[in-house]
Amino acid sequence: MLDAHTHLDACGAAGPEGVAAIVDRATAAGVMAVVTVADDLDSARWVTRAAEWNPRVYAAVALHPTRATALTDVARAEIERLTAHPRVVAIGETGMDLYWPDRLAGCAQPDAQREAFAWHIELAKRTGKPLMIHNREADREVLDVLGAEGAPDTVIFHCFSSGSTMARLCADAGWLVSLSGTVTFRNARDLREAVPLVPLEQLLVETDAPFLTPHPYRGAPNEPYCLPYTVRALAELLGRPAEELAHVTTANACRVYGIPDTGRTL
Ligand SMILES: [Zn+2]
Ligand SMILES: [Zn+2]
């Protein structure tokens with residue numbers, strides 16, 4: 001399996017040893033590679049270093065929508081520079097978050113988020129790297145910006161948590177839907193109805209660690225080794241063998257991120 005979206009720095013990995021420890025635990029559970037995702041500028045610098053420290057780590061860089069006000073000219077220039085790193089496989093996480101602005105002091109407001117999202121879309125198009133979208137309670141706003149700017153070739157909705165309408169839209173547009181531990185929660189009814197509407201070739205799996213720990217460890221810190229619980233829950237939801245889901249989601253991730261698919265030989 002491949003963890004399509006995780007945050008190794010937030011999991012507590014400061015240096016090469018910390019990264020290796022997490023990746024080794026993941027490997028023992030069959031998770032052979034991870035994409036570690038930046039949410040601010042420090043993190044963007046860190047994830048590219050982590051990808052150099054360990055051959056099983058790839059990176060994605062962007063400013064998180066809640067931090068959109070930090071996207072100064074200097075920050076833009078640095079993100080662009082980091083994007084050129086050969087182990088940076090996506091522009092993310094970017095998008096829109098309407099949950100936090102009223103709850104978190106200093107959180108970027110929707111206007112600033114929209115502008116930063118548009119800039120990241122343009123960067124994804126220019127670099128040809130996939131756009132990795134964070135969408136929290138912002139279906140309409142995300143679609144608005146994508147429509148206005150024009151979507152890049154490859155679009156990934158990380159931690160997909162929308163309902164059937166959005167799932168159908170993603171399916172038709174050829175966009176990827178990345179599922180996290182929330183798919184294992186029995187009470188996520190809308191999500192569990194939405195997932196079967198997406199073709200297998202458009203599904204990814206992720207931990208978004210250290211957040212969103214899958215059942216049965218809900219509430220405990222999440223790590224990439226927890227990914228198989230999400231794969232099993234997804235398989236059960238779709239009525240297919242877990243091995244098939246592991247294989248297909250890995251092939252999908254390798255295809256969209258341009259990572260060699262080593263699954264067959266390991
Ligand atoms: Zn996110
Ligand atoms: Zn994330």
Side-chain angles (χ1 to χ4, degrees), residues 2-13 19 22 26 31 33-48 50-51 57-68 70-71 79 82 88-101 103-104 107-108 110 112-114 116-117 120-121 124 129-139 141-143 145-146 155-162 166 170 175-185 188 191 204-214 218 221-227 230 249 253 256-257:
L2 188 150
D3 188 346
H5 181 116
T6 191
H7 300 273
L8 295 184
D9 46 356
C11 286
V19 168
I22 293 174
V31 180
V34 307
V35 176
T36 188
V37 180
D39 57 5
D40 65 14
L41 211 49
D42 275 347
S43 181
R45 296 180 193 113
W46 188 88
V47 294
T48 51
V57 176
Y58 297 85
V61 296
L63 287 197
H64 194 278
T66 58
R67 301 172 194 269
L71 193 62
I79 289 176
L82 292 168
V88 169
V89 295
I91 310 302
E93 56 185 294
T94 178
M96 300 283 298
D97 188 315
L98 298 187
Y99 176 81
W100 284 114
R103 294 174 172 89
L104 181 71
C107 179
Q113 292 191 22
R114 178 179 271 267
F117 185 28
H120 285 102
I121 292 172
K129 298 195 179 185
L131 180 73
M132 182 190 278
I133 294 178
H134 168 102
N135 165 23
R136 189 154 184 197
E137 298 182 7
D139 286 0
E141 291 73 10
V142 164
L143 293 173
V145 181
L146 275 176
V155 173
I156 300 164
F157 278 82
H158 115 78
C159 189
F160 184 85
S161 51
S162 305
M166 195 70 174
C170 288
W175 296 337
L176 287 112
V177 164
S178 184
L179 298 162
S180 71
T182 51
V183 82
T184 68
F185 302 166
L191 175 62
L204 300 177
V205 286
E206 64 169 76
T207 58
D208 203 13
F211 318 105
L212 301 172
T213 310
R218 192 173 180 178
N222 192 7
E223 255 195 35
Y225 79 84
C226 297
L227 190 65
T230 295
T249 55
V256 297
Y257 289 136

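The shown structure was predicted, so the numbers you read here are calculated from the model rather than taken from an experiment. Starting from 1, each residue takes its place in the sequence as its number. One-based numbering, in listed order, for ligands and for the atoms of each.
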Presence of N, O or S from [X] under 2.8 Å of the Zn ion (ligand 1):
{"X": "Asp97", "value": "no"}
{"X": "Cys159", "value": "no"}
{"X": "His158", "value": "yes"}

What's the spacing between Ile22 CD1 and Glu223 CD if we round to 0.5 Å?
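Nearest 0.5 Å value for the CD1-CD distance: 4.5 Å.
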
_Arg136 side, atom CZ; Ser162 side, atom OG - distance, nearest 0.5 Å_ =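 That separation rounds to 12.0 Å.
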
Of all the N, O or S atoms in Glu93, the one nearest to the Zn ion (ligand 2) is OE2

| message | So that I can check it, does any N, O or S atom in His134 come closer than 2.8 Å to the Zn ion (ligand 2)? | response | no

- Is the distance between the Zn ion (ligand 2) and the nearest N/O/S atom of His5 smaller than 2.8 Å?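 It does: His5 brings an N, O or S atom closer than 2.8 Å to the Zn ion (ligand 2).
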
Notebook entry, point to check: Do His7 and Asp208 meet the criterion of a side-chain donor-acceptor pair at a distance under 3.5 Å?
Noted result: yes

message: Distance alone, cut at 3.5 Å: any donor-acceptor contact between the side chains of Asp97 and Thr66?
response: no

Practice prompt. Kindly give the heavy-atom pair with the smallest separation between Gln113 and Ala108, and that separation in Å.
Written response: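 For Gln113 versus Ala108, the nearest heavy atoms are NE2-O, 2.9 Å.
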
Residues passing the ring-ring contact (aromatic ring centres under 6.0 Å, His included) test with His158, sequence neighbours excluded, are His5, His134

Q) Looking from the Zn ion (ligand 2), what is the angle between NE2 on His7 and OD1 on Asp208, to the nearest 10°? A)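 Nearest ten degrees: 90°.
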
